[in-house]
There are 2 protein chains.
Amino acid sequence: MQTEIGHKNLAPERQKQVLTLVRDHGAIRVDTLCDMLSVSPATIRRDLEILEGTGALRRVHGGAVSGRALLDEPLFDDKTEVASGEKQRIARQALEHIHAGDTVYIDGGSTLLELAALLRDRSNLTVVTNSLRAAAELSAAGPRLILLGGELRRRSQTITGPLTRTLLQTISLDVAFMGTIGLTADSLTTTDPGEAYTKELVMSRSKRVMLLADSQKIGVVSFACSGNLQDVDTFITDKGAPEAFVKQLRKKGVVVETV
Amino acid sequence: MQTEIGHKNLAPERQKQVLTLVRDHGAIRVDTLCDMLSVSPATIRRDLEILEGTGALRRVHGGAVSGRALLDEPLFDDKTEVASGEKQRIARQALEHIHAGDTVYIDGGSTLLELAALLRDRSNLTVVTNSLRAAAELSAAGPRLILLGGELRRRSQTITGPLTRTLLQTISLDVAFMGTIGLTADSLTTTDPGEAYTKELVMSRSKRVMLLADSQKIGVVSFACSGNLQDVDTFITDKGAPEAFVKQLRKKGVVVETV
DNA sequence: TCATATATAATCACATTCAATCAAATTACA
DNA sequence: TGTAATTTGATTGAATGTGATTATATATGA
């Protein structure tokens with residue numbers, strides 16, 4: 001397959017060939033490289049040492065392996081909490097509202113992170129998000145991904161505040177999937193005013209607004225108001241939601257789906 | 001294929017031929033050039049030195065290689081990649097240029113990622129970045145962190161393109177630490193036009209521009225131009241940088257620091 | 001665990017290439 | 001034509017890359 005390579009090569013050129021060979025084979029032995037490039041083991045080792053210094057490959061006893069080959073395994077290991085069944089069900093239900101070609105907003109929060117994970121193989125979408133966690137979930141592959149710009153709020157790992165306005169003003173969203181800390185029949189509330197500001201702005205830029213929140217959040221009131229229920233088109237929650245509350249929301253024109 | 005080339009040529013013309021030959025072959029030895037151009041090794045070496053000063057090619061023991069040939073791979077971001085000593089030293093040197101209270105921009109790339117890591121305990125700064133990796137590095141604690149908003153480029157894990165403009169227009173930077181794929185005495189180049197666009201914009205918004213690049217990148221020419229060396233205040237690189245090239249840059253008013 | 005085989009690192013010697021210097025040739029300009 | 005400046009080529013000592021040798025370290029199998 002690989003043929004003998006001509007005469008005197010310049011060192012960097014030979015090193016490039018070594019790197020190519022290592023990459024192509026995934027892993028290769030020193031002797032094999034010696035045969036292919038017609039140089040001594042000492043030279044090959046020196047080349048490998050240099051290449052390892054650049055991080056292009058990894059030396060092992062007997063030869064070298066490509067850097068890429070090494071990290072096939074440990075890609076996603078930072079799973080923190082096992083999402084509750086409710087959150088997963090809610091996220092799966094939200095999928096029903098996403099259509100091919102949509103521009104979708106994914107808000108911060110663990111429920112929304114579940115949704116992001118479900119979009120990993122949907123390349124025919126544009127996902128806009130302010131959540132670093134959601135972005136990380138989709139950073140390797142998946143839909144076209146657009147991050148809001150602005151200040152990082154460490155606690156929630158989301159991008160929030162006035163600086164998010166500049167970008168949001170220039171785009172339009174088909175559907176926004178929002179989270180919240182608490183909701184009452186009137187309003188959505190959250191801990192941080194900067195975060196509330198961004199949420200409100202996002203909802204105003206979206207054709208449809210979906211609110212995803214497990215039933216535990218019903219009745220919780222936090223510090224900063226991020227909008228009111230009138231602006232929500234559909235509320236997806238679990239079956240733990242009080243009947244009375246659901247009825248009240250439906251009276252206001254909100255579609256409520258319980259899973 | 002390449003035939004003997006006539007008789008005595010004027011120096012600049014011959015140098016152009018040398019450059020073409022180097023480019024065509026990717027790498028070529030001094031003797032080969034001597035044969036082809038019918039001049040002595042000394043002359044070829046002088047030509048190569050001049051051409052290296054412009055960053056058009058890179059001299060190596062035995063001959064010269066074109067920038068492209070040296071480093072075709074646009075850095076796949078490996079989490080496990082061991083940062084070379086050069087990159088770490090360059091990053092540490094860059095620290096000297098950061099003062100309390102500064103608003104600092106951190107570009108994408110592995111060298112800049114090293115710099116970001118060094119800022120983890122500097123809470124008296126504002127860091128602006130388009131790099132998801134740098135953001136992740138500082139996401140748990142550290143300086144005030146602002147992310148650019150825009151489209152994620154998966155290959156480099158950076159946020160790039162026209163959407164980054166909206167936020168950049170509203171802020172000013174004290175100092176921008178920039179990376180690049182390749183640089184010559186004239187220009188900085190990078191693989192992706194969207195990325196180039198953002199780099200250029202960032203540099204225009206910053207009081208001071210620092211370029212961080214290991215010497216391997218000198219002479220490399222990539223696809224999209226992201227600015228020219230005139231816009232760089234200080235260039236930090238390692239001691240492998242060719243003397244001739246450094247001299248040329250200093251003549252242009254760029255401060256060059258080698259570590 | 002030990003023994004054996006293999007791979008590596010360290011040292012050295014050799015060959016090649018390079019930088020510096022100087023002399024010769026060419027060119028520029030009056 | 002004459003003089004100075006530049007370019008080129010040769011020579012030499014220094015530097016660098018390569019390959020062989022030997023001692024150490026690492027894998028493999030009983």
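Each chain gets a letter, A, B and so on, in the order its sequence line appears, and its residues count up from 1.
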Separation of [X] atom [atom1] from [N] atom [atom2], in whole Å?
X	N	atom1	atom2	value
A:I50	D:dT18	CD1	C1'	12 Å
A:R59	C:dT8	CZ	P	6 Å
B:L33	D:dG9	CG	P	14 Å
B:E49	D:dT7	CD	P	13 Å
B:R14	D:dT7	CZ	P	10 Å
A:I28	C:dA7	CD1	C1'	16 Å
A:D31	D:dG19	CG	P	15 Å
B:L37	D:dT7	CG	P	17 Å

Is a donor on one side and an acceptor on the other found under 3.5 Å between the side chain of [X] and the backbone of [Y]?
X	Y	result
B:T198	B:G161	yes
B:S222	B:I181	no
B:E52	B:R59	yes
A:N130	A:I159	yes

Quick one: is [X] getting a side-chain N or O under 4.0 Å of the [N] phosphate, OP1 or OP2?
X	N	result
A:T43	D:dT18	no
A:R45	D:dG19	no
B:R29	D:dG17	no

Quiz item: B:R250: what forms a salt bridge (charged side-chain N to carboxylate O under 4.0 Å, His left out) with it, not counting sequence neighbours?
Solution: none
Exercise. Please identify each residue that fulfils salt bridge (charged side-chain N to carboxylate O under 4.0 Å, His left out) with A:R92, with sequence neighbours left out.
Key: none
Self-check item: Distance (rounded to the nearest 0.5 Å) between B:K207 NZ and B:D102 CG
Solution: 7.5 Å
Listing time: all N or O pairs from protein to nucleotides 23-27 of chain C that are below 3.5 Å?
none

Self-check item: Check against salt bridge (Lys or Arg N to Asp or Glu O under 4.0 Å), B:D186 and B:K252
Solution: CA-CA 10 Å; B:D186 297 324; B:K252 292 194 175 198; 3.6 Å; yes
Self-check item: Nucleotide-resolved protein contact map, nucleotides 20-30 of chain D, B/S/- at heavy-atom distance under 4.0 Å
Solution: ------S----
Quiz item: Going through the distances and angles, do A:S131 and A:Q157 end up as a side-chain contact (heavy atoms from CB on, under 4.5 Å)?
Solution: CA-CA 6 Å; A:S131 160; A:Q157 294 285 300; over 6 Å; no
Quiz item: With respect to the side chain of A:V39, which nucleotide from C:dT17, D:dG19, D:dG9 is positioned closest?
Solution: D:dG19
Quiz item: Would B:D238 and B:R89 pass as an ion pair if we require N to O under 4.0 Å?
Solution: no
Quiz item: In degrees, rounded to 10°, what is the bend between the two ends of the helix from C:dT1-D:dA30 to C:dA30-D:dT1, using five pairs at each?
Solution: 40°
Practice problem: Check every strand shown and say whether B:D47 touches a base, only sugar-phosphate, or nothing at a heavy-atom separation below 4.0 Å. | Solution: nothing
Quiz item: Who pairs with A:A91 by side chain to side chain contact (heavy atoms under 4.5 Å, CB included), at least two apart in sequence or on another chain?
Solution: A:E114, A:L115, A:L118
Exercise. Scan B:I90, B:T258, B:T111 and name whichever one has a side-chain contact (heavy atoms from CB on, under 4.5 Å) with B:I236.
Key: B:I90
